[in-house]
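Worksheet for the structure shown next.
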Amino acid sequence: MTHRFLPAAFLLSALMLTASGVAIAQTVLGTHGKWEALTEKEGGKPVCYMGSMPTKATGKYKKRGDSYVLITHRPGDKSTNVVSIQAGYTYKPGSETEITVGKKKFKLFTDGGHAFAYDSKTDNELVKSMIRGTVMIVKGTSSRGTLTTDTYSLKGFTAAYKAISRACKV
């Protein structure tokens with residue numbers, strides 16, 4: 001798979017509507033290696049996030065939507081380092097994803113087509129590992145039982161992380 005930035009996720013969020021029907025405008029903070037950093041305002045509060053798509057995606061599937069990982073800061077909600085995975089398919093109910101960075105492994109719970117850490121401690125540990133790492137592997141199982149393995153380059157992760165942290169003053 002050729003690397004491409006988050007066209008579906010970011011272009012849609014650029015035009016995303018809030019419940020009040022007001023468009024949310026995003027600002028690109030920069031592209032750093034394989035990661036893109038952005039910020040926007042929701043309800044007057046800053047939200048800063050960064051994301052990347054896998055450099056390699058494997059599995060015996062015929063059709064799959066876009067997959068990507070996001071790291072989000074919402075300082076107005078006292079929320080930082082929230083890791084979320086978009087699988088590009090619906091996960092098997094009750095399943096977990098396994099993320100490996102170097103020698104560290106993390107389990108995330110799944111909900112529909114997304115995966116999240118069980119708590120902020122896991123989010124923080126995962127982000128620390130991503131800062132130190134070079135490659136991240138995400139394994140998941142679709143609702144049809146298909147096993148997938150996505151490989152993410154962590155090149156540029158630290159620079160993108162610093163950009164969103166500066167922008168959101170965290």
Side-chain angles (χ1 to χ4, degrees), residues 1-20 22-58 64-88 97 99-102 104 106 108 113-117 119-140 148-170:
M1 170 192 271
T2 311
H3 177 76
R4 59 186 200 263
F5 290 104
L6 307 165
F10 289 178
L11 292 180
L12 285 177
S13 69
L15 302 172
M16 184 170 48
L17 297 178
T18 65
S20 65
V22 178
I24 299 172
Q26 66 181 184
T27 301
V28 176
L29 298 171
T31 300
H32 306 275
K34 300 293 184 182
W35 293 81
E36 192 165 12
L38 300 102
T39 187
E40 62 187 41
K41 296 244 188 236
E42 287 181 359
K45 298 177 183 177
V47 176
C48 304
Y49 52 99
M50 57 188 276
S52 185
M53 295 182 83
T55 55
K56 181 179 177 186
T58 61
R64 184 177 179 191
D66 288 334
S67 57
Y68 52 88
V69 62
L70 294 176
I71 312 300
T72 306
H73 294 327
R74 292 177 186 277
D77 297 335
K78 298 185 184 342
S79 172
T80 59
N81 293 341
V82 176
V83 178
S84 59
I85 305 289
Q86 166 65 42
T97 60
I99 297 180
T100 304
V101 181
K104 296 206 95 170
F106 302 88
L108 279 67
H114 302 276
F116 304 96
D119 53 39
S120 60
K121 180 182 176 194
T122 303
D123 276 329
N124 291 330
E125 289 176 11
L126 181 51
V127 167
K128 279 184 194 175
S129 292
M130 294 168 80
I131 288 169
R132 294 179 184 135
T134 57
V135 173
M136 179 175 74
I137 308 293
V138 178
K139 293 183 179 183
T148 61
T149 301
D150 295 337
T151 303
Y152 291 86
S153 170
L154 296 175
K155 180 180 180 178
F157 182 89
T158 302
Y161 182 76
K162 286 179 181 178
I164 68 167
S165 296
R166 252 189 327 271
C168 270
K169 298 180 177 132
V170 296

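The residues of the chain are indexed from 1 along the displayed sequence. Being a predicted model, the structure only gives us computed values, none of them experimental.
- Minimum interatomic distance between Asp66 and Gln86 (heavy atoms only, all atoms of both residues): O-CG, 3.6 Å.
- The side chain to side chain donor-acceptor pair (under 3.5 Å) search around Glu125 returns none, not counting sequence neighbours.
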Does Thr134 form a side-chain contact (heavy atoms from CB on, under 4.5 Å) with Lys155? I'd like the steps, not just the answer. CA-CA 6 Å; Thr134 57; Lys155 180 180 180 178; over 6 Å; no
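- Between Ala37 and His32, the shortest heavy-atom contact is CB-CD2, 4.4 Å.
- Between the side chains of Glu36 and Tyr49, no donor-acceptor pair is found at a separation under 3.5 Å.
- Here the CG atom belonging to Leu70 is positioned 9.5 Å from the CZ atom belonging to Phe116, to the nearest 0.5 angstrom.
- For residues 160-170, every residue pair satisfying the side chain to side chain donor-acceptor pair (under 3.5 Å) rule, not counting sequence neighbours, is listed here: His73-Ser165, Asn81-Tyr161.
- For the residue pair Thr122 / Asp119, a side-chain donor-acceptor distance below 3.5 Å is found, with atom types taken as modelled.
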Start with the C-alpha distance between Thr58 and Thr148, add both sets of side-chain angles, then the distance that settles side-chain contact (heavy atoms from CB on, under 4.5 Å), and finish with yes or no. CA-CA 6 Å; Thr58 61; Thr148 61; over 6 Å; no
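- Atoms CE and CG, from Met130 and Leu154 in turn, are 5.5 Å apart once rounded to the nearest 0.5 Å.
- Checking side-chain atoms of Thr151 against main-chain N and O of Ile137 turns up no donor-acceptor pair under 3.5 Å.
- Expressed to the nearest 0.5 Å, how far NZ of Lys41 lies from SG of Cys48 amounts to 8.5 Å.
- Here the closest non-hydrogen pair linking Pro75 and Pro46 is CD-O, 3.5 Å.
- Rounding to the nearest 0.5 Å places OG1 of Thr27 at 8.0 Å from CG of Leu38.
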Kindly determine whether Val138 and Tyr152 satisfy side-chain contact (heavy atoms from CB on, under 4.5 Å), including the steps that lead there. CA-CA 8 Å; Val138 178; Tyr152 291 86; 3.8 Å; yes
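- Annotation: side chain of Val170 is not in contact with side chain of Ile164 (no heavy-atom distance under 4.5 Å).
- Partners of Lys104 under the side-chain contact (heavy atoms from CB on, under 4.5 Å) rule, at least two apart in sequence or in another chain, are Phe106, Ser129.
- Here Arg64 pairs with Asp150 under the salt bridge (Lys or Arg N to Asp or Glu O under 4.0 Å) rule; sequence neighbours left out.
- Contact between Leu29 and Ala167 at its shortest, heavy atoms only, is CD1-CB, 3.7 Å.
- Every residue two or more places apart in sequence or in another chain that forms a side-chain contact (heavy atoms from CB on, under 4.5 Å) with Ala87 is listed here: Tyr89, Tyr91.
- Leu108 approaches Ala117 most closely through the heavy-atom pair CG-N, 3.7 Å.
- Taking CG of Leu126 as the reference point, atom OG of Ser120 lies at 12.5 Å (rounded to 0.5 Å).
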For a side-chain contact (heavy atoms from CB on, under 4.5 Å) check, start with the C-alpha distance between Met136 and Thr100, then their side-chain angles and the critical distance, and finish with the verdict. CA-CA 6 Å; Met136 179 175 74; Thr100 304; over 6 Å; no
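- Between the CD1 atom of Ile71 and the CG atom of Asp123 there is a distance of 7.5 Å, given to the nearest 0.5 Å.
- When all heavy atoms are compared, the tightest approach of Val47 to Cys168 is C-SG, 3.9 Å.
- Residues meeting the ring pair (Phe, Tyr, Trp, His ring centres under 6.0 Å) test with Phe157, sequence neighbours left out: Trp35.
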